[in-house]
Amino acid sequence: MSEPLGLFGGTFDPVHFGHLRLAEESIAHLGLAGVRWIPAGHPPHRGMPQVTPQQRLEMVRRSTAGNERFSVDPSEVDAAAPSYTVHTLERLRRELGSEQSLVLLVGADAFAGLATWHRWRDILSLAHVAVSHRPGFPVEIGSLPDELASEFSARRLLDADALKARPAGGIVTFAMTQLAISATQIRTLLSNGKSARYLLPDAVLDYIQTHSLYRNA
């Protein structure tokens, strides 16, 4: 079986160094062949972002262009339907086959809400889930909703090498370098005319400034 492939979805509104560091460290911690970035086109659990899906996709492309182990999947942006993770995983299974190990990358906060996602149990049958957390603050079963805690306990993998043994179904955690950067913080700075330099790649910041994104009306 080939090396596991990481899948990293999100609105990336905008993409920043915290996102990039998570993807980079996941390759090292989990032994991934690479990370496929999948920007959401129409996120169902939040209002539409201020910028267009195509603009967010372009920012992700610019931020990942220099890393040969990163690739960008535009399928959710190109689709007219809401961006549900389970639908994307089903499409990738058709594309990549049933034997390819797929690893969905999520942060600890997002994982805590996994049981609210559309057909969330099917997600666990289609891919592994890798949960990033702050150093010294591991994912605790007691902090999870009961039904998710049960799945976490039953599916937890203590060794990332186990991701290669089967294509889906496991849950693994890993600590990543903590960067106190958020897309909300960046949008607030930009809307107030303040500098967001060194919070996101220069190529992304140049694109934002060229197209006057995130400015107050």
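- The line from CZ of Phe137 to CD of Gln178 is 9.0 Å long, rounded to the nearest 0.5 Å.
- A heavy-atom distance below 4.5 Å is found between the side chains of Pro14 and Leu200.
- Side-chain heavy atoms closer than 4.5 Å link hydrophobic residues (I, L, V, M, F, W, Y) into clusters, and following such links, even through other members, never connects Phe174 to Leu7.
- Among all heavy-atom pairs drawn from His133 and Ala108, the shortest one is CB-CB, 4.3 Å.
- Enclosure of atom CG in Asn192 by more than 12 non-hydrogen atoms of other residues, nucleotides or ligands within 6.0 angstrom is indicated.
- Atom CZ in Arg155 sits 4.5 Å away from atom CG in Leu124 (nearest 0.5 Å).
- Between Ala175 and His29 the shortest heavy-atom distance is O-NE2, 3.1 Å.
- Residues Thr64 and Val15 are not in side-chain contact: their nearest non-hydrogen atoms beyond the backbone lie 4.5 Å or more apart.
- Looking only at distances, a side-chain donor or acceptor of Ser83 sits under 3.5 Å from a matching main-chain atom of His42.
- The structure places NZ of Lys194 at 10.0 Å from OG1 of Thr188, a figure rounded to the nearest 0.5 Å.
- Contact annotation: the side chain of His211 never approaches that of Met59 to less than 4.5 Å [non-hydrogen atoms, C-beta and beyond].
- Taken together through direct or relayed side-chain contacts under 4.5 Å among Ile, Leu, Val, Met, Phe, Trp and Tyr, Phe111 and Leu157 form parts of separate hydrophobic clusters.
- Judged by distance alone, the side chain of Thr173 and the main-chain N or O of Val131 form no donor-acceptor pair under 3.5 Å.
- Judged by distance alone, with hydrogens and angles left aside, the side-chain atoms of Arg61 form no donor-acceptor pair with the main-chain N or O of Val72 at under 3.5 Å.
- The closest donor-acceptor contact from the side chain of Asp73 to the backbone of Ser75 lies under 3.5 Å.
- There is a path of hydrophobic side-chain contacts, each under 4.5 Å, that joins Leu104 to Phe152.
- Taken together through direct or relayed side-chain contacts under 4.5 Å among Ile, Leu, Val, Met, Phe, Trp and Tyr, Val106 and Val103 form parts of separate hydrophobic clusters.
- Counting only distance, with no hydrogens or angles, the side chain of Glu76 and the backbone of Thr88 share no donor-acceptor pair below 3.5 Å.
- Ala168 and Ala127 make their closest contact through CB-N, 3.3 Å (heavy atoms, listed as atom of the first residue, atom of the second, distance).
- Between Arg62 and Glu58 there is a salt bridge, with a side-chain nitrogen of the basic residue lying less than 4.0 Å from a carboxylate oxygen of the acidic one.
- Arg91 contributes atom CZ, which lies 6.5 Å from atom CD1 of Ile38 (distance to the nearest 0.5 angstrom).
- The nearest pair of heavy atoms linking Ala112 to Leu144 is CA-CD2, 4.0 Å.
- By the 4.5 Å heavy-atom criterion applied to side chains, Val51 and Asp13 are counted as neighbours.
- Tyr207 has its side chain within reach of Leu213: a pair of non-hydrogen atoms, C-beta onward, lies under 4.5 Å apart.
- Relative ring orientation between His87 and His118 is described as perpendicular, the plane-to-plane angle rising above 60° on a 0-90° scale split at 30° and 60°.
- Taking OG of Ser153 as the reference point, atom CG of Leu148 lies at 11.0 Å (rounded to 0.5 Å).
- Here the closest heavy-atom approach between residue Gly169 and residue His128 is recorded as N-ND1, 3.6 Å.
- Rounded to the nearest 0.5 Å, atoms CG (Leu114) and CG (Asp109) are 13.0 Å apart.
- Two residues are said to be in side-chain contact when any heavy atoms from C-beta on lie closer than 4.5 Å; Val60 and Phe70 fail this criterion.
- Not one N or O on the side chain of Ser150 forms a donor-acceptor pair closer than 3.5 Å with the backbone of Glu147.
- Checking side-chain atoms of Arg36 against main-chain N and O of Leu5 turns up no donor-acceptor pair under 3.5 Å.
- Counting non-hydrogen atoms of neighbouring residues, nucleotides and ligands closer than 6.0 angstrom, the CD atom of Glu68 reaches no more than 12 such neighbours.
- Screening Arg21, His19, His16 for a side-chain contact (heavy atoms from CB on, under 4.5 Å) with Leu179, the sole residue that qualifies is Arg21.
- Here the closest heavy-atom approach between residue Gly34 and residue Ile27 is recorded as CA-CD1, 4.2 Å.
- Side-chain atoms of Arg93 come within 3.5 Å of backbone N or O of Gln100 as a donor-acceptor pair.
- In this structure the side chain of Val139 never reaches within 4.5 angstrom of the side chain of Arg156, judged on heavy atoms.
- Put simply, Ile123 and Leu30 are part of two different groups of oily side chains (I, L, V, M, F, W, Y) that touch within less than 4.5 Å, one to the next.
- Within the 4.5 Å cutoff, side-chain heavy atoms of Trp37 are placed close to those of Leu20.
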